[in-house]
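Heads up: the structure comes next, in structure tokens.
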Amino acid sequence: MTPWLFRPSYLLWLIPLAALWVGAEILGPPMVIWSYSWIDDGRGHDPFNAERQYTRCTWVGFDGSAVTTYPTDGRCGWLYFPKLEGGAP
């Protein structure tokens with residue numbers, strides 16, 4: 001007989017936590033965009049009409065580490081996974 005204070009459904013929160021941990025082990029710890037440089041076409045910081053060609057992207061991890069890349073396609077993502085891109089964690 002199972003005690004009334006404990007039900008297996010109380011442990012369901014462990015499933016997403018384990019998925020996040022496994023994902024971080026496979027993809028590397030996520031890094032967020034910190035700074036970037038782009039080629040200015042004369043519209044500056046216009047957020048609606050400016051077409052930007054990014055030349056440098058820097059991401060910072062939760063441990064304080066930073067990774068700088070120079071994109072060939074002119075785009076920077078909001079998140080960066082070092083192991084996915086072949087970089088050092």
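Index from 1, following the sequence. All values below come from the heavy atoms of this structure, side chains included, with hydrogens, waters and symmetry mates left out.
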Assigning hydrophobic clusters by single linkage (Ile, Leu, Val, Met, Phe, Trp, Tyr; side-chain heavy-atom cutoff under 4.5 Å), is [X] placed with [Y]?
X   : Y   : answer
W34 : W38 : no
V22 : L27 : yes
L20 : F81 : no
V60 : Y54 : no
I26 : W21 : yes

Distance check, rounded to the nearest 0.5 Å: [X] atom [atom1] versus [Y] atom [atom2]?
X   : Y   : atom1 : atom2 : value
M31 : T58 : CE    : OG1   : 10.0 Å
L79 : I33 : CG    : CD1   : 9.5 Å
Q53 : R75 : CD    : CZ    : 9.5 Å

Under a 4.5 Å cut-off applied to non-hydrogen side-chain atoms, are T69 and V67 in contact? yes
Check T68 against R56 and note the closest heavy-atom contact, atom names and distance. CG2-CG, 3.6 Å
Residues P82 and P29: closest non-hydrogen pair is CD-O, 3.3 Å
Sorted by first residue and then second, give each ring-ring contact (aromatic ring centres under 6.0 Å, His included) pair with at least one member in residues 55-77; sequence neighbours left out. W59-Y80
